[in-house]
Amino acid sequence: MNFQSLVAQRYSVRSYTAEAVSEDDIQYLLACARLAPSAVNFQPWHFYVVRSEEAKEGLRACYDREWFRTAPLYIVCTVRRDLSWKRKSDGKDHGDIDVAIAAEHICLAATERGLGTCWVCNFDGARCQEVLQLPANEEAVVLLPVGHVAPEAEAKPKQRKEWEELVSWR
């Protein structure tokens with residue numbers, strides 16, 4: 001499959017089977033994330049693989065949606081603010097950008113493996129900090145449920161803006 005086909009195939013999955021994600025698949029997703037580019041190659045990310053029932057219940061308290069509960073596995077992508085690169089001219093922190101690139105590597109790798117994912121950014125950050133016992137310099141950026149796509153889950157047609165709205169030529 002070429003890259004554009006892979007990107008077109010990926011969608012936000014909101015229904016998963018109970019089937020566990022294999023150790024091989026988990027390692028593959030993490031290996032792909034590890035290879036993601038980052039500003040000045042600082043790699044300010046950390047990934048928490050959440051698969052124990054106790055840890056999953058704690059994480060589900062951070063984002064209490066029924067569909068989220070169906071995922072057999074979560075990968076929480078965090079940023080270490082003390083390790084992220086800050087642009088000298090204005091202090092812009094690129095940590096969230098770096099983590100987003102790595103998270104999307106996970107999503108695309110999951111799609112390649114026949115797994116589903118969904119970006120979750122609307123969660124209780126303070127509660128997540130407590131549940132994962134993150135140090136003060138580390139912050140959860142995105143929760144990624146990962147699993148085998150349930151038969152009833154359907155990809156909706158992608159709504160995208162026209163090129164003219166997105167691209168300027170100078």
Side-chain angles (χ1 to χ4, degrees), residues 1-38 43 45-79 95-125 127-132 134 138-163 165-166:
M1 165 181 337
N2 70 37
F3 186 70
Q4 189 173 12
S5 296
L6 178 67
V7 172
Q9 184 180 337
R10 194 241 162 243
Y11 67 99
S12 295
V13 173
R14 290 185 177 88
S15 186
Y16 303 90
T17 70
E19 181 182 351
V21 177
S22 74
E23 190 67 30
D24 185 53
D25 283 339
I26 295 168
Q27 292 299 323
Y28 184 77
L29 302 183
L30 296 172
C32 289
R34 184 175 161 265
L35 293 172
S38 64
Q43 305 167 52
W45 49 61
H46 194 87
F47 307 102
Y48 291 85
V49 179
V50 179
R51 58 184 174 181
S52 76
E53 283 307 315
E54 180 183 350
K56 287 192 295 189
E57 279 307 312
L59 197 59
R60 289 168 179 155
C62 302
Y63 183 73
D64 191 16
R65 304 294 191 282
E66 192 56 40
W67 73 265
F68 188 70
R69 300 180 85 63
T70 67
L73 171 78
Y74 305 101
I75 299 177
V76 180
C77 306
T78 69
V79 63
D96 287 350
I97 297 167
D98 294 342
V99 172
I101 295 167
E104 189 59 10
H105 274 49
I106 291 170
C107 292
L108 292 171
T111 300
E112 180 193 23
R113 289 286 180 118
L115 298 168
T117 59
C118 185
W119 277 73
V120 175
C121 298
N122 182 25
F123 60 91
D124 183 333
R127 185 175 238 172
C128 190
Q129 191 88 14
E130 291 173 20
V131 166
L132 295 175
L134 300 178
E138 192 172 350
E139 175 187 349
V141 175
V142 61
L143 314 179
L144 296 176
V146 180
H148 297 273
V149 182
E152 67 272 8
E154 290 184 36
K156 296 180 179 142
K158 292 185 185 234
Q159 301 293 319
R160 294 295 182 257
K161 294 179 180 180
E162 295 299 322
W163 284 109
E165 295 180 69
L166 301 173

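If you're wondering where the values come from, they're calculated on a predicted model, not measured in any experiment.
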Surrounding CD of E152 (heavy atoms of other residues, nucleotides or ligands, distance under 6.0 Å), is the total greater than 12? yes
Between Y16 and C118, is a side chain to side chain contact (heavy atoms under 4.5 Å, CB included) present by the stated rule, with each step listed? CA-CA 11 Å; Y16 303 90; C118 185; 4.0 Å; yes
Here the pair of heavy atoms bringing Y74 nearest to F68 is OH-O, 2.5 Å
Taking T111 for its side chain and C107 for its backbone only, find out whether a donor-acceptor pair lies under 3.5 Å. yes
Can you see which heavy atom on L144 is nearest to which on A103, and at what distance? CD1-O, 3.8 Å
Going from CD1 on I75 to OG1 on T117, what distance comes out if it is rounded to the nearest 0.5 angstrom? 9.0 Å
Side chain to side chain contact (heavy atoms under 4.5 Å, CB included) for L132 and V50? Distances and angles first, verdict last. CA-CA 9 Å; L132 295 175; V50 179; 4.2 Å; yes
If you count every heavy atom of other residues, nucleotides or ligands that lies below 6.0 Å from K156 atom NZ, does the total exceed 12? no
Drop me the distance from D24's CG to L29's CG, to the nearest 0.5 angstrom. 9.5 Å
Between atom OG of S12 and atom CH2 of W67, what is the distance when rounded to the nearest 0.5 Å? 7.5 Å
Can you tell me if R60 uses its side chain to pair, donor with acceptor, with the backbone of R69 under 3.5 Å? yes
Quick one: does Q129's side chain have a donor or acceptor within less than 3.5 Å of a partner on E138's backbone? yes
Just by modelled atom types, is the H46 backbone N or O under 3.5 Å from a matching donor or acceptor in the T78 side chain? yes
On a heavy-atom basis, the closest approach of V120 and P145 is CG2-CD, 4.1 Å
What's the separation between atom CD in E112 and atom CG in D25, rounded to the nearest 0.5 Å? 10.0 Å
Tell me, yes or no, whether the heavy-atom count around R65 atom CZ, taken from other residues, nucleotides or ligands under 6.0 Å, exceeds 12. yes
Can you name the closest pair of heavy atoms from A33 and I106 and give their distance? CB-CG1, 3.6 Å
Residues Y11, E154; criterion side chain to side chain contact (heavy atoms under 4.5 Å, CB included); working and verdict: CA-CA 9 Å; Y11 67 99; E154 290 184 36; 6.0 Å; no
Report the C-alpha separation of H105 and I101 in whole Å, then their side-chain angles, then the decisive distance to 0.1 Å, and conclude whether the side chain to side chain contact (heavy atoms under 4.5 Å, CB included) test is met. CA-CA 6 Å; H105 274 49; I101 295 167; 3.8 Å; yes
Rounded to the nearest 0.5 Å, how far does CG of L73 lie from CD of E19? 12.5 Å
Hey, what do you get for CG (L59) to CG (L143), rounding to the nearest 0.5 Å? 5.0 Å
If you count the non-hydrogen atoms of other residues, nucleotides and ligands that lie under 6.0 Å from CZ in R10, is the total more than 12? yes
In terms of heavy-atom contacts, R51 and K56 come closest through O-CE, 3.6 Å
Heavy-atom closest pair, residues C121 and V142: SG-CG2, 4.0 Å
